[in-house]
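Structure first, commentary second.
Each ligand, and each atom within it, is numbered from 1 in the order the structure gives.
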Amino acid sequence: MKTALITGITGQDGAYLAEFLLKKKYIVHGLKRRASSFNTQRIDNIYSDPFNKKNRLTLHYGDMTDSLSLIELIKKICPDEIYNLAAMSHVNVSFSIPEYVANVDALGTLRILEAVRILRLEKKIKIYQASTSELYGNADQIPQNEDTPFKPRSPYAVAKLYSYWTIVNYRESYNIFACNGILFNHESPMRGETFVTRKITMAIVNIVLGKQEKIYLGNLNARRDWGHAKDYVQAMWKILQYKKPEDWVIATGKSYSIKDLLTLSFSYFKIDIKFLGTGLNEKAIVVNCKNPKYQINKNQVVVEVKKRYYRPSEVNELLGDSSKARKKLNWTPKYQFKDLVEEMIKSDYNKLKND
Ligand code: NAP
Ligand code: G4F
């Protein structure tokens, strides 16, 4: 039985990855930070009593800003694999708390690598680092692959760039099996509620349920390569099973705009929308609602743009070329964009209809 440590186990990816590894018969340890209210909802379905002898999932308090807890934990567990997923992962929020983001998203990775080195576990532990397509910023090259130069555009992306190169440096300097997964956006019903996909699926459900009139958004013209988190955690595992440590782009190879996402999401409820205006004056109105069950009026404004959701510097388009992973890891995403959006809407509908 292999043992894995997942930092960020309470997040979207951590929850899917823990479930995936438990199915592969791993013993799974997760680092969770202390919060004043429960932060383990995403893993409730796989959590069992720690005193149950068959239990293979254990949570430990710790924090990416606290070297001592990381060293102590890695020493105690001595895992075969570490998946470093913990991060302050919201790009827009990173402009408000850049120093904290550097501490967690950049130095946090250094702390993990140093813990492994100090404990002389370089030969035993493989490390996966949650790198990101945000590293590319407004890249000159579309699509982006492992050779595309990085041009980070936010404190989040700059911190992740530090982590990216620290992983490469420790691999080259100390021969640690350390890899970057450069993952493009991936979503799911467990996506955080302030990321644009989930913000939109929840708001549209609330609009058709008559609980909300419209949704306020930022840049509607940004494009992202959206995949399903379930497909992407499988790639993380495959990256650590490959014969040598390398860096990998994981993406679907298709990009859509925020407007595409809105149009598709409304169409799930048989509502047609139309966009009017530009920039901060852009909005979407209903042109047709084919389902009489919903109290939606023709010409109702359902989307408005607000400056507060614009970023000081935006990444306009991300589109990934994951040919390397498809060829060498035999990884291909199973989910199509439409299926992903439908799954998120259905899940939100079931959650919100009785609220
Ligand atoms: P997420 O849902 O925001 O989860 C982040 C996790 O990190 C949560 O468990 C969070 O704990 C934990 N965390 C934050 N600060 C911490 C700290 N100081 N100490 C310990 N734990 C801390 O993010 P995700 O979508 O699962 O993404 C996982 C990783 O992949 C992140 O590093 C993200 O930057 C990266 N990434 C994500 C995507 C994507 O599209 N999802 C794409 C590329 C890369 P709480 O639950 O207590 O908040
Ligand atoms: O959903 P988002 O906040 O995700 P973003 O910024 O692409 O970052 C996510 O993916 C990265 C991988 O590329 C991860 F590294 C990162 O951790 C995170 O998971 O925004 C997507 C796009 C942006 O262009 C944003 O400007 O949607 C645009 N947008 C427009 N209105 C909005 C909104 N984003 C948010 N969150 N909220 C809005 O109201």
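Atom CD of Gln336 is surrounded by 12 or fewer heavy atoms from other residues, nucleotides or ligands within 6.0 Å.
Between Tyr128 and Tyr83, the ring planes are tilted. Angles from 30° to 60° get that label.
For the pair Lys338 and Tyr256, the cation does not sit on the ring face, since its NZ or CZ is not both under 6.0 Å from the ring centre and inside 45° of the axis. Judged by a 6.0 Å distance limit and a 45° cone about the ring axis, Arg191 is positioned over the six-membered ring of Phe195. Cation-pi check for Lys126 over Phe177 is met; the charged atom lies under 6.0 angstrom from the ring centroid and within 45 degrees of its normal. Under a cutoff of 6.0 Å and an axis angle of 45°, Arg34 and Tyr61 do not form a cation-pi pair.
Close contacts of ligand 1 with Ser89, meaning ligand atoms under 4.0 Å from a residue heavy atom, involve 1 (P), 3 (O), 23 (O), 33 (C), 34 (O). In summary, the atoms of ligand 1 found under 4.0 Å from a heavy atom of Ser131, numbered by their order in the structure, are 43 (C), 44 (C). Numbered from 1 in the order shown, with element, the atoms of ligand 2 that lie under 4.0 Å from a heavy atom of Tyr156 read 14 (C), 15 (F), 16 (C), 17 (O). For ligand 1, the atoms sitting less than 4.0 Å from at least one non-hydrogen atom of Thr132 are 43 (C), 44 (C), numbered in the order shown with element in parentheses. Of all atoms in ligand 1, listed by their number and element, those nearer than 4.0 Å to a heavy atom of Gln12 are 2 (O), 25 (O), 26 (O), 41 (N). Each of the atoms 22 (C), 27 (O), 28 (C) of ligand 2 lies under 4.0 Å from some heavy atom of Ile258. Within ligand 1, the atoms closer than 4.0 Å to a non-hydrogen atom of Asn185 are 40 (O), numbered from 1 in the order shown. Ligand 1 places these atoms under 4.0 Å from at least one heavy atom of Ala130: 29 (C), 30 (O), 32 (O), 35 (C). Which parts of ligand 1 touch Tyr100 is read off a 4.0 Å heavy-atom cut-off, strictly below it: atoms 15 (N), 18 (N). Those atoms of ligand 2 with a heavy atom of Ala222 less than 4.0 angstrom away are 24 (O). For ligand 2, the atoms sitting less than 4.0 Å from at least one non-hydrogen atom of Ser133 are 12 (C), 13 (O), numbered in the order shown with element in parentheses. Close contacts of ligand 2 with Gly218, meaning ligand atoms under 4.0 Å from a residue heavy atom, involve 30 (C), 31 (N), 33 (C), 39 (O). Near Glu314, meaning under 4.0 Å from any of its heavy atoms, are these atoms of ligand 2: 23 (C), 24 (O), 25 (C), 26 (O).
Using a 4.0 Å cutoff on heavy atoms, Arg191 counts as a contact of ligand 1. The shortest separation from a heavy atom of Leu85 to ligand 1 is under 4.0 Å, placing the residue in contact. No heavy atom of Phe195 sits closer than 4.0 Å to any atom of ligand 1. Within the 4.0 Å heavy-atom cutoff, Tyr61 does not count among the residues contacting ligand 1. Using a 4.0 angstrom heavy-atom cutoff, His90 counts as in contact with ligand 2. Residue contact check for ligand 1: Gly108 places no non-hydrogen atom closer than 4.0 Å to it.
Of the polar atoms of Ser133, none of the N or O atoms is found under 3.5 Å from an N or O of ligand 1, judged by distance alone. Polar contact with ligand 1: absent for Met88 (N/O pair, distance under 3.5 Å). For Lys160, a nitrogen or oxygen atom sits less than 3.5 Å from a nitrogen or oxygen atom of ligand 1, counting backbone and side chain alike. Considering both main-chain and side-chain atoms, Asp13 comes within under 3.5 Å of ligand 1 through a nitrogen or oxygen pair.
Thr10 and Asn39 share no side-chain donor-acceptor pair at under 3.5 Å. Between Arg308 and Asn92, the side chains place no donor N or O within less than 3.5 Å of an acceptor N or O (distance only, hydrogens not considered). Using a 3.5 Å distance cut-off with no hydrogens or angles, the side chains of Thr65 and Asn103 do not pair a donor with an acceptor. Using a 3.5 Å distance cut-off with no hydrogens or angles, the side chains of Asn180 and Gln129 do not pair a donor with an acceptor. A side-chain N or O of Asn84 and one of Thr7 form a donor-acceptor pair less than 3.5 Å apart. No hydrogens or angles considered: a donor-acceptor pair under 3.5 Å links the side chains of Ser48 and Asn55. One side chain, Asp260 or Ser257, offers a donor N or O that lies under 3.5 Å from an acceptor on the other. There is a side-chain donor-acceptor pair under 3.5 Å between Glu343 and His228. In summary, the side chains of Glu81 and Tyr26 do present a donor paired with an acceptor at a separation below 3.5 Å, with no hydrogens or angles considered.
For Arg33, every heavy-atom contact with ligand 1 shorter than 4.0 Å involves the side chain, none the backbone. Contacts of Val104 with ligand 1, taken as heavy-atom pairs under 4.0 Å, involve the side chain alone.
When only non-hydrogen protein atoms are considered, atom 11 (O) of ligand 1 lies nearest to Thr10 OG1, 3.3 Å. Protein heavy atom at the shortest distance from atom 38 (C) of ligand 1 is His186 CE1, 3.2 Å. Nearest non-hydrogen protein atom to atom 21 (C) of ligand 2 is Val196 CG1, 3.8 Å. Looking only at protein heavy atoms, the nearest one to atom 19 (O) of ligand 2 is Arg191 NH2, 2.9 Å. Protein heavy atom in closest approach to atom 36 (N) of ligand 2: Thr194 O, 2.9 Å. Among all protein heavy atoms, the one lying closest to atom 23 (C) of ligand 2 is Arg224 NH2, 3.4 Å. Remark: minimum distance from atom 10 (O) of ligand 2 to any protein heavy atom is reached at Asn185 ND2, 3.1 Å. Nearest to atom 6 (C) of ligand 1 among the protein's heavy atoms is Gly8 CA, 3.6 Å. The shortest contact between atom 21 (N) of ligand 1 and any protein heavy atom is with Ala86 CB, 3.6 Å. With respect to atom 39 (O) of ligand 2, the closest heavy atom belonging to the protein is Lys199 NZ, 2.7 Å.
Ile6 and Met88 sit in two unconnected hydrophobic clusters of ILVMFWY residues. Membership requires side-chain heavy atoms under 4.5 Å apart, directly or through other members.
Nearest to atom 7 (O) of ligand 1 by heavy atom, out of Gly14, Ala159, Gly11, Ala87, is Ala87. Between the choices Leu217, Val91, Asn219, Ile182, the shortest heavy-atom distance to atom 30 (C) of ligand 2 belongs to Asn219. Among Ser94, Ser89, Gly320, the residue whose heavy atom sits closest to atom 18 (C) of ligand 2 is Ser89. The closest heavy-atom contact to atom 6 (O) of ligand 2, among the options Lys160, Arg198, Glu193, Arg311, comes from Arg311.
Here the side chains of Pro50 and Thr58 are not in contact, with every heavy-atom distance at 4.5 Å or above.
In this structure, the ring of Phe184 has its center no less than 6.0 angstrom from the ring center of Trp226. No close placement of the Trp331 and Tyr242 rings is indicated, their centers lying 6.0 Å or farther apart.
Looking at Glu114 and Arg117, a side-chain N of the basic residue comes within less than 4.0 Å of a carboxylate O on the acidic one, giving a salt bridge.
Ser265 OG to Ile204 CD1: the interatomic distance, rounded to the nearest 0.5 Å, is 4.5 Å.
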Decide yes or no on ring-ring contact (aromatic ring centres under 6.0 Å, His included) for His60 and His29, but give the supporting numbers first. CA-CA 7 Å; His60 308 263; His29 294 268; 5.0 Å; yes
